[in-house]
Amino acid sequence: ETGVTQTPRHLVMGMTNKKSLKCEQHLGHNAMYWYKQSAKKPLELMFVYNFKEQTENNSVPSRFSPECPNSSHLFLHLHTLQPEDSALYLCASSLFSGGQSYNEQFFGPGTRLTVL
Amino acid sequence: ELKVEQNPLFLSMQEGKNYTIYCNYSTTSDRLYWYRQDPGKSLESLFVLLSNGAVKQEGRLMASLDTKARLSTLHITAAVHDLSATYFCAVFSGGGADGLTFGKGTHLIIQP
């Protein structure tokens, strides 16, 4: 595997289900991100992890719960979602070295989530 | 709160023509990124612009950054059909790592 991978690629779930999205980066990066892409809205940053520590949480509802067990893996645990949470969830990673570092973000293919 | 505005949001153009996509942002930042997204696909990094006056070119695409005007442009020269995609600009939000704030994207269709 190369780059950033995400599983599953498609997910349909009911509002009472619990599911998890998985992201893995094979780039030796140390920062990972979750973004939400909804129709007709800009990509929204959800969570940032830097060296496995969460450094940013953009007022995301608690029904979304991130987990970063190591610098290569990132999960997004989902429970009691709403239909408006249907979107493309993108994972990204970058090499963060502080300050003015380059930090280009590389994106995975995304998980297309539909909440019924 | 950082806001990023792109225009136009939709652009249909003929092959062989030139056009420019504009990206304005509301607060000081010296890192701006351009991405391309094809339908059903993820985001592909095109350019990273790190300083005032930075200009980068790849094929028929050229990006520039004016940090004083808080403006970046993506110029398309002699467009070809393969450049049809949605183009996003994104600006560094100033978070702990590199949380980016994205524009809404410019949906570009290039007709033969």
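For clarity, every value in this text was computed on a predicted model and none was experimentally measured. Naming: A, B, ... by sequence-line order, numbering from 1 per chain.
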Is there a path of hydrophobic side-chain contacts, each under 4.5 Å between heavy atoms, that joins [X] and [Y]?
X       : Y       : answer
B:Leu32 : B:Tyr87 : yes
B:Leu61 : B:Tyr22 : no
A:Tyr49 : A:Val60 : yes
B:Leu11 : B:Leu46 : yes
B:Leu71 : B:Phe92 : no

Residues B:Phe102 and A:Pro42: closest non-hydrogen pair is O-CB, 3.6 Å
- Task: Count the heavy atoms belonging to other residues, nucleotides or ligands that lie under 6.0 Å from CZ of A:Phe75, then report whether that count exceeds 12.
- Result: yes
Q. More than 12 foreign heavy atoms under 6.0 Å from CD of A:Gln82: is that the case here?
A. yes
Cut-off 4.5 Å, heavy atoms of chain B, and the answer for A:Leu90 is side chain
The interface call for A:Glu44 against chain B, heavy-atom contacts under 4.5 Å, is neither
message = Apply side-chain contact (heavy atoms from CB on, under 4.5 Å) to residues A:Gln37 and B:Phe88 and explain how you reach the verdict.
response = CA-CA 12 Å; A:Gln37 187 176 30; B:Phe88 293 92; 3.5 Å; yes
Heavy-atom side-chain proximity of A:Tyr33 to B:Leu100 below 4.5 angstrom
no
Residue pair A:Leu43 / B:Leu43, side-chain heavy-atom distance below 4.5 Å = yes
Honestly, the part of B:Glu5 sitting under 4.5 Å from a heavy atom of chain A is neither
Output for pair (A:Phe107 CZ, B:Glu44 CD), nearest 0.5 Å, gives 12.5 Å
Exercise for review: Evaluate the criterion side-chain contact (heavy atoms from CB on, under 4.5 Å) for residue pair B:Tyr35 and A:Gln105; output intermediate values, then yes/no.
Suggested key: CA-CA 10 Å; B:Tyr35 286 88; A:Gln105 289 187 19; 3.4 Å; yes
